[in-house]
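Below is one structure; the comments refer to it alone.
Numbers here simply count residues along the sequence, with the first being 1. Ligands are counted one by one from 1 in listed order, and the atoms in each one are counted from 1 as well. Not measured: the values here are computed from a predicted model.
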Amino acid sequence: MEFDLLVHNIGQLILPKGTKRPLKGQEMKQLNIMENAAIGVIDGKVAWLGPEAEAVTFSAKERVNANEKVVSPGLVDPHTHLVFGGSREHELSLKQAGVPYLEILAQGGGILSTVTSTKNATEEELFEKASFHLERMISHGVTTFEAKSGYGLDPETELKQLRVVKRLKEKYPISIVSTFLGAHAVPPAYKGKEDQFLTEMAELLDEIKEYELAEFVDIFCETGVFTIEQSRQFLQKAKEKGFGLKIHADEIDPLGGAELAAYLEAVSADHLVAASDEGIDRLSKSNTVAVLLPGTTFYLGKDQYARARKMIDEGAAVALATDFNPGSCVTENLQLIMSLAALKLKMSAEEIWNAVTVNAAHAIGKGMEAGTLETGKDANFVLWDIPNYKYIPYHFGVNHVQSVYHSGNKLWERMPYGEIQLSSAR
Ligand code: NIG
Ligand code: FE
């Protein structure tokens, strides 16, 4: 057997267990680690995984020495608002003055400010800007992710955002899942006419399906945005049209979004900072993945984080995501989220790795394709410049990626040390 690529001398090869459903509760504590390992790739697929001692017997067109460092599956980011116009650094001073997130929104800022910038941007401008952020995500180890619309709130701009995601799928050789979040906020002209707004957004579903512009439909179910009943009706329509479901659920107030997500068999319920005991119980009895976004809680300056320990201890499936967006969590770095999960959600390193790989893949309907390394599957992996898998949550806020591979091709590589231009500094 001759490999196209052989990555050998891997100190720890992280092998999350792939199954038809997400890992739940105690299962999340199991993380399979192969020490002194190697991976062989043929035609972009994992052809062989095994001990270093055997690797030396194979021939390969290209050999990469991992120098006893760590290799993991490509990370999966299952919740991002990647496509948007403008930025909102001017809101930081409002946050510092203690103005709550929903109050900024009620004053026409927040999401509505980004809606204006997104309406004013051309499709080309949005595409360029999203490409920039996407490449930064890849450089931080992500090879599969989800991107939502939701900064249009009118048919034209929502479709413009979704077309950008479709073009990103064509441009980049990585796996992107698209979500229609037309129900992200109530435009000022529809205040008091929320039902009418949702009816108009639902009218887009057929076109979105026909042109394959999104696989999932999401809604911001929250006080002052959309009620539980409005969310149920809207998502039910989407489900009947064949879309998978996701919900921005119980982020600020415990409205019952977790319960609704379990009831509708949504692939995920996201945020869940305020999820009730009943909501956590329903999630633990379902295969709906609790997608936790500790970066958002951190960035909004809240003290109360999602109750990850209770969720896992009661048997729920937990995943982690950046929630990358211009307002409530401005970072593309999923490694930072892994640190926050350790420090603020009290998740173990094993749970965290499962939450950013196999469970994150299940949270976007890609559980059978992404988030694991198994023979026959796409060779999407990251070579990390870390001594062991516990190191990422520990050393926070920086990029530990050495190189990123998708389908056996190197997508990104860090500049080697020693390349700083010392001479020009003199
Ligand atoms: O997931 N909570 C609602 N939506 C986004 C924030 C979007 C924004 O502030 O622009 C979130 O945090
Ligand atoms: Fe979000």
So Asp77 and Thr80, side chain to side chain donor-acceptor pair (under 3.5 Å) or not? Walk me through it.
CA-CA 7 Å; Asp77 192 341; Thr80 84; 6.0 Å; no
Residue [X] vicinity, atoms of ligand 1 by number, heavy atom under 4.0 Å:
{"X": "Tyr151", "answer": "7 (C), 8 (C), 10 (O)"}
{"X": "His184", "answer": "3 (C), 4 (N), 5 (C), 7 (C)"}
{"X": "His79", "answer": "1 (O)"}
{"X": "Ile111", "answer": "7 (C), 8 (C), 9 (O), 10 (O)"}
{"X": "Ser328", "answer": "6 (C), 9 (O), 11 (C), 12 (O)"}

Heteroatom N/O/S of [X] within less than 2.8 Å of the Fe ion (ligand 2):
{"X": "Cys329", "result": "no"}
{"X": "His271", "result": "no"}
{"X": "Asp323", "result": "yes"}

Kindly assign one of parallel, tilted or perpendicular to the pair His81 and His79, based on the angle between their ring planes and the thresholds 30° and 60°.
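Tilted.
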Does the plane of the ring in His184 sit parallel, tilted or perpendicular to the ring in His248? Use 30° and 60° as the thresholds.
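Geometry flag for His248 against His184: tilted rings.
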Are the side chains of His90 and Ser113 in touch, meaning some heavy atoms are under 4.5 Å apart?
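Result yes, sub-4.5 Å side-chain heavy-atom pair found.
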Mind checking whether Tyr389 and Leu31 have side chains closer than 4.5 Å, heavy atoms only?
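Heavy-atom side-chain distance check passes, below 4.5 Å.
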In the protein, which heavy atom is nearest to atom 6 (C) of ligand 1, and how far is it?
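Nearest neighbour among protein heavy atoms for atom 6 (C) of ligand 1, to 0.1 Å: Tyr101 OH, 2.9 Å.
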Considering only the protein, which heavy-atom contact is closest to atom 2 (N) of ligand 1, and what is its distance?
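I find the closest protein heavy atom is Glu251 OE1, 2.8 Å.
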Determine, for Phe180 and Lys148, whether the Lys NZ or Arg CZ falls below 6.0 Å from the six-membered ring centre while staying within 45 degrees of the axis.
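Output no; distance or angle outside limits.
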Cation-pi geometry met for Arg414 and Tyr417 (6.0 Å, 45°):
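The answer is yes; both the distance and angle limits are met.
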Check whether any N or O atom of Arg88, backbone or side chain, sits under 3.5 Å from an N or O atom of ligand 1, and answer yes or no.
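Yes.
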Can you find an N or O of Asp323 that's nearer than 3.5 Å to an N or O of ligand 1?
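Between Asp323 and ligand 1, an N or O pair is found under 3.5 Å apart.
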Contact between Thr114 and ligand 1, counting heavy atoms under 4.0 Å?
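For ligand 1, residue contact (heavy atoms, under 4.0 Å) with Thr114 is absent.
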Taking all non-hydrogen atoms of both residues, which atom of Leu198 and which atom of Ala183 are closest, and how far apart?
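Heavy atoms only, the tightest pair is CD2-CB, 3.6 Å.
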Name, closest N/O/S atom of His248 to the Fe ion (ligand 2)
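The atom in question is NE2.
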Establish, yes or no, whether a centroid distance under 6.0 Å links the rings of Phe324 and Phe84.
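Yes - the distance between ring centres of Phe324 and Phe84 falls below the 6.0 Å cut-off.
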